[in-house]
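Everything quoted here is computed from the prediction, not taken from an experiment. The chains referred to below are lettered A, B, ... by the order of the sequence lines, with proteins before strands, and numbering in each begins at 1.
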Amino acid sequence: MRIYATVDSIPEGRVSTYGRIAEEAGIARGARQVGAALRDLPGDRKIPWHRVINAAGKISHGSPAQAALQRRLLEREGVTMSEAGKVDLASYVWP
DNA sequence: CTCGTGACTTTGT
DNA sequence: TACAAAGCCACGA
């Protein structure tokens, strides 16, 4: 629950990393757990899972389809990325 | 209690 | 930029 609440607090047009979220949620080094939580997400939840990326600013998971979807959702909110699909954390990560 | 697993992270080639 | 190795942590078998 802590994880869901934290992810839900990320405003539109901003992103956050697994590590940051884990810390915010109380799990100091549980970045993986955050990923697991999002992975098992039903989908009908009102959670902006697409604003969650890894420390490198990239999408590190699953099917190309899923990655493409996440990228599309982010760009729709104004988050730009390099060709390699890398987000400029310095300007989009949530403080 | 021990093992395997994984939408991670760091560090070093 | 890409890959490997070694940490880390909650969970379930």
Distances for protein N or O near nucleotides 11-13 of chain B N or O, under 3.5 Å:
none

Quiz item: Checking side-chain contact (heavy atoms from CB on, under 4.5 Å) for the pair A:I53/A:Q70: CA distance, chi angles, key distance, verdict?
Solution: CA-CA 10 Å; A:I53 55 189; A:Q70 177 164 11; 3.9 Å; yes

Atom CE of A:M1 and atom P of C:dA10 are separated, to the nearest Å, by 18 Å

### Query
Does A:W94 share a hydrophobic cluster with A:V15, counting links as ILVMFWY side-chain heavy atoms below 4.5 Å and allowing steps through other members?
no

To the nearest 0.5 Å, atom OH of A:Y4 lies from atom CD1 of A:I21 at 12.0 Å

Note to self: Taking the P atom in each of C:dC8 and B:dG12, what is the distance between them to the nearest angstrom?
What the structure shows: 15 Å

All heavy atoms of A:I10 vs all of A:S16, minimum pair found to be CD1-CB, 3.6 Å

Residues of residues 53-64 of chain A with a heavy atom under 4.0 Å from any atom of DNA chain B, listed by number, are A:N54, A:A55, A:S60, A:H61

Would A:V52 and A:I3 show up in the same hydrophobic cluster when neighbours are defined by side-chain heavy atoms closer than 4.5 Å?
-> yes

Minimal heavy-atom distance between A:S9 and A:T6, with the atoms involved, is OG-O, 2.5 Å

Does A:E77 come within less than 4.0 Å of A:R51, counting only side-chain N to carboxylate O?
yes

Whole-Å distance, A:L89 CG to B:dT9 C1', equals 13 Å

Quick check: is A:I27 connected to A:V7 through a chain of hydrophobic side chains (ILVMFWY, heavy atoms under 4.5 Å apart)? yes

A:D40 atom CG is separated from B:dT5 atom P, nearest whole Å, by 17 Å

Exercise for the section: Carefully, step by step, assess A:L74 and A:R71 under the rule side-chain contact (heavy atoms from CB on, under 4.5 Å). Expected result: CA-CA 5 Å; A:L74 284 176; A:R71 176 171 182 163; 5.9 Å; no

What one should report as the nearest heavy-atom pair of A:Y92 and A:G78 is OH-O, 3.3 Å

Whole-Å distance, A:Y18 OH to B:dC8 C1', equals 8 Å

Rounded to whole Å, the CG-C1' distance (A:L38 to C:dA10) equals 15 Å

Enumerate the protein-to-nucleotides 5-9 of chain C contacts in which both atoms are nitrogen or oxygen and the separation is below 3.5 Å.
residue	atom	partner	partner atom	Å
C:dG7	O6	A:R32	NH1	3.4
C:dC9	O4'	A:Q33	NE2	3.4
C:dC9	O2	A:Q33	OE1	3.3
C:dC9	O2	A:Q33	NE2	2.7

